[in-house]
Every structure is written in C-alpha cells, then in structure tokens.
> 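Here you go, one structure.
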Amino acid sequence: MSQDVTHPLTPQDCLVALMVAISASDENIRTEELIEIQTSVNSLPIFGEYDFDRVTVVSQTVFDLFEQEDGIAALFGLIRDNLPEALYETAYALACDVAAADGAIYEGEIRLLEEIRYELNIDRLHAAAIERGARARHITL
C-alpha cells in the first residue's frame, strides 16, 4: 500500500483545514484571514506541538478538494474521521474567527459556517455564542 494514497490528518490538521476552507469559501483569501490562521496556529495551546510547515500541505489538500465535485463532502468526511468530537466546537470557533477577521462575513463564508454547524452537529445556542464571541473579538470602531 502506497503512502501517497492516504494522508491521515492530525486533529490539528483538521482545525487548520477548516480555517483554510472558510477563508477560501468566498473565493477570495484575504490577508487578515491568513494572519488569523497564522496567529491561531502560533499561539493557541492546541497547536503547541504542531509543525507550522503542515499548514501548506493541509491548505493544498483543501484547495484540491474544493476543485472536486463532492470536495466539501470529502472534506467533512476527513474532518469527522480525524477530529475528536471534543474539538468540534473549537473547530467552529476557529472558523468563525477566520470568517470575522476581515470585518465582514461574506455569502460563501455564511454558507460554509452553516454547513460546519450541520456536519459537526453544533448546537444552535452554542453556535450563536461562539459567533457572538468571534464578532466581539474582531469588531472595529
């Protein structure tokens, strides 16, 4: 069996994949979103032992999946297979932070956030609290 066929994702890879996916979902990856991803990976405890060079590999995986007809479904399959359920709300919070990083949430981001809530079975009340926290952290005057 070739290792080129399957690339198991770590839980941290899954978190990065969702952050990259939300950034790419509106077909315009903004600098603020990339900075948010970098800051999260560099500062959050969940990424303490994470190799930052993996971000490039994971990003390319997401881009490759987005080019496929059922790529979003495949992405969520990988996420569910490799991300512990205890990190589902963390994944949603990170996605919300990336979506809010540039001060606006675009239609593609809204649709993908809805999909993430559904696919990861995020309780609506919990999702609202997470979204409100992201909005509060990224508000500008």
Side-chain angles (χ1 to χ4, degrees), residues 1-140:
M1 178 186 252
S2 170
Q3 288 187 350
D4 293 333
V5 174
T6 173
H7 298 282
L9 297 178
T10 67
Q12 292 86 351
D13 288 338
C14 293
L15 297 174
V16 169
L18 280 178
M19 289 190 288
V20 170
I22 200 72
S23 180
S25 65
D26 62 356
E27 299 179 1
N28 187 2
I29 299 173
R30 292 170 179 79
T31 301
E32 297 91 345
E33 294 169 340
L34 293 174
I35 291 169
E36 182 69 30
I37 293 168
Q38 180 178 9
T39 300
S40 295
V41 173
N42 286 334
S43 65
L44 295 177
I46 191 72
F47 295 108
E49 301 295 318
Y50 190 67
D51 177 5
F52 190 81
D53 292 338
R54 295 272 308 151
V55 172
T56 302
V57 173
V58 172
S59 297
Q60 191 57 57
T61 300
V62 172
F63 300 147
D64 291 347
L65 287 171
F66 273 19
E67 291 177 5
Q68 298 176 16
E69 185 175 334
D70 294 325
I72 296 290
L75 174 63
F76 282 115
L78 286 170
I79 301 298
R80 281 191 307 274
D81 288 347
N82 296 290
L83 184 67
E85 192 172 334
L87 293 178
Y88 283 7
E89 287 184 351
T90 302
Y92 188 66
L94 291 172
C96 286
D97 280 343
V98 171
D102 61 357
I105 299 182
Y106 298 92
E107 188 63 33
E109 293 168 330
I110 291 169
R111 285 194 309 272
L112 187 55
L113 287 171
E114 290 171 352
E115 189 73 15
I116 293 169
R117 282 193 308 265
Y118 173 77
E119 293 288 341
L120 300 184
N121 198 26
I122 304 292
D123 176 84
R124 186 63 201 130
L125 187 57
H126 294 182
I130 291 167
E131 292 160 8
R132 182 70 182 145
R135 187 170 38 244
R137 279 188 298 281
H138 294 90
I139 197 164
T140 60

> Run the numbers on Arg117 and Glu89 for salt bridge (charged side-chain N to carboxylate O under 4.0 Å, His left out), then give the verdict.
CA-CA 9 Å; Arg117 282 193 308 265; Glu89 287 184 351; over 6 Å; no
> Taking side chain as C-beta onward, heavy atoms only, is Leu44 less than 4.5 Å from Leu94?
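Contact flag for Leu44/Leu94 side chains = yes.
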> Donor-acceptor pairs are to be reported for all side-chain atoms of residues 67-78 against protein atoms at under 3.5 Å, with residues two or more places apart or in another chain.
none

> Give me the atom names and distance for the closest heavy-atom approach of Ala93 to Ile130.
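Taking every non-hydrogen atom into account, CA-CG2, 3.4 Å.
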> NE2/His138 to CG/Asp102 distance, rounded to the nearest 0.5 angstrom?
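Answer rounded to 0.5 Å: 9.5 Å.
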> I need the minimum non-hydrogen distance between Ala95 and Leu113, along with the two atoms involved.
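In this case the closest contact between Ala95 and Leu113 is CB-CD2, 4.0 Å.
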> Does Cys96 offer a backbone N or O that forms a donor-acceptor pair with the side chain of Glu131 under 3.5 Å?
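Absent.
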> Do Arg80 and Tyr88 come close enough that some side-chain heavy atom pair is under 4.5 Å?
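Yes, close enough: below the 4.5 Å cut-off.
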> If you take all heavy atoms of Phe63 and Ala24, which pair is closest and at what distance?
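Answer, listing the atom of Phe63 first, then Ala24: CE2-CB, 4.0 Å.
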> Taking all heavy atoms of Leu83 and all of Leu87, pick out the closest pair and write down the distance.
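Leu83 and Leu87 have their closest heavy atoms at CD1-CB, 3.7 Å.
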> If we only count heavy atoms from C-beta on, is the Val16 to Arg54 side-chain gap below 4.5 Å?
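Not touching, per the 4.5 Å side-chain cut-off.
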> Looking at Leu18 and Ala91, what are the two nearest heavy atoms and their distance?
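Scanning both residues, the minimum pair turns out to be CD1-CB, 3.6 Å.
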> Just how far is it from atom CZ of Phe47 to atom CG of Asn42, taken to the nearest 0.5 Å?
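Rounded to the nearest 0.5 Å, the CZ-CG separation comes out at 10.0 Å.
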> As an exercise, state the distance from CG of Leu15 to OG of Ser40, rounded to the nearest 0.5 Å.
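Reported to 0.5 Å precision, the distance equals 9.5 Å.
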> Would Tyr92 and Leu120 satisfy side-chain contact (heavy atoms from CB on, under 4.5 Å), going step by step from the backbone distance to the final call?
CA-CA 8 Å; Tyr92 188 66; Leu120 300 184; 5.5 Å; no
> Evaluate side-chain contact (heavy atoms from CB on, under 4.5 Å) for Thr10 paired with Asn82, printing each intermediate quantity in order.
CA-CA 6 Å; Thr10 67; Asn82 296 290; over 6 Å; no
> Where the side chain of Ser23 meets the backbone of Met19, is there a donor-acceptor pair that is under 3.5 Å apart?
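No, because the side chain of Ser23 does not come within donor-acceptor range (under 3.5 Å) of the backbone of Met19.
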> Which atom names give the shortest non-hydrogen contact between Asp13 and Pro8, and what distance separates them?
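So the minimum-distance heavy-atom pair works out to OD2-O, 4.3 Å.
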> To the nearest 0.5 Å, how far apart are CD1 in Ile22 and CD1 in Ile37?
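Interatomic distance, Ile22 CD1 to Ile37 CD1, rounded to 0.5 Å: 10.0 Å.
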> Under 3.5 Å, is there a donor on one side chain and an acceptor on the other for Tyr106 and Asn28?
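Distance-only check fails for Tyr106 and Asn28.
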> Rounded to the nearest 0.5 Å, how far apart are CZ of Arg132 and CZ of Arg137?
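The CZ atom of Arg137 is 11.5 Å from CZ of Arg132, to the nearest 0.5 Å.
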> Does some side-chain heavy atom of Arg111 sit less than 4.5 Å from a side-chain heavy atom of Glu107?
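In contact.
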> Rounded to the nearest 0.5 Å, what separates atom CD in Glu119 from atom CD1 in Ile79?
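Answer rounded to 0.5 Å: 10.5 Å.
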> Can you tell whether the side chains of Arg30 and Glu36 come within less than 4.0 Å, N to carboxylate O?
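A salt bridge is absent here (no side-chain N lies under 4.0 Å from a carboxylate O).
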> Hey, is the main chain of Ile122 close enough, under 3.5 Å, to the side chain of His126 for a donor-acceptor pair?
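Such a contact is absent between His126 side chain and Ile122 backbone.
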> After noting the C-alpha distance and the side-chain angles of Glu114 and Glu109, does the key distance pass the side-chain contact (heavy atoms from CB on, under 4.5 Å) rule?
CA-CA 9 Å; Glu114 290 171 352; Glu109 293 168 330; over 6 Å; no
> Pairing donors with acceptors under 3.5 angstrom, does anything connect the side chains of Thr61 and Asp64?
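Note: Thr61 and Asp64 side chains miss the donor-acceptor criterion.
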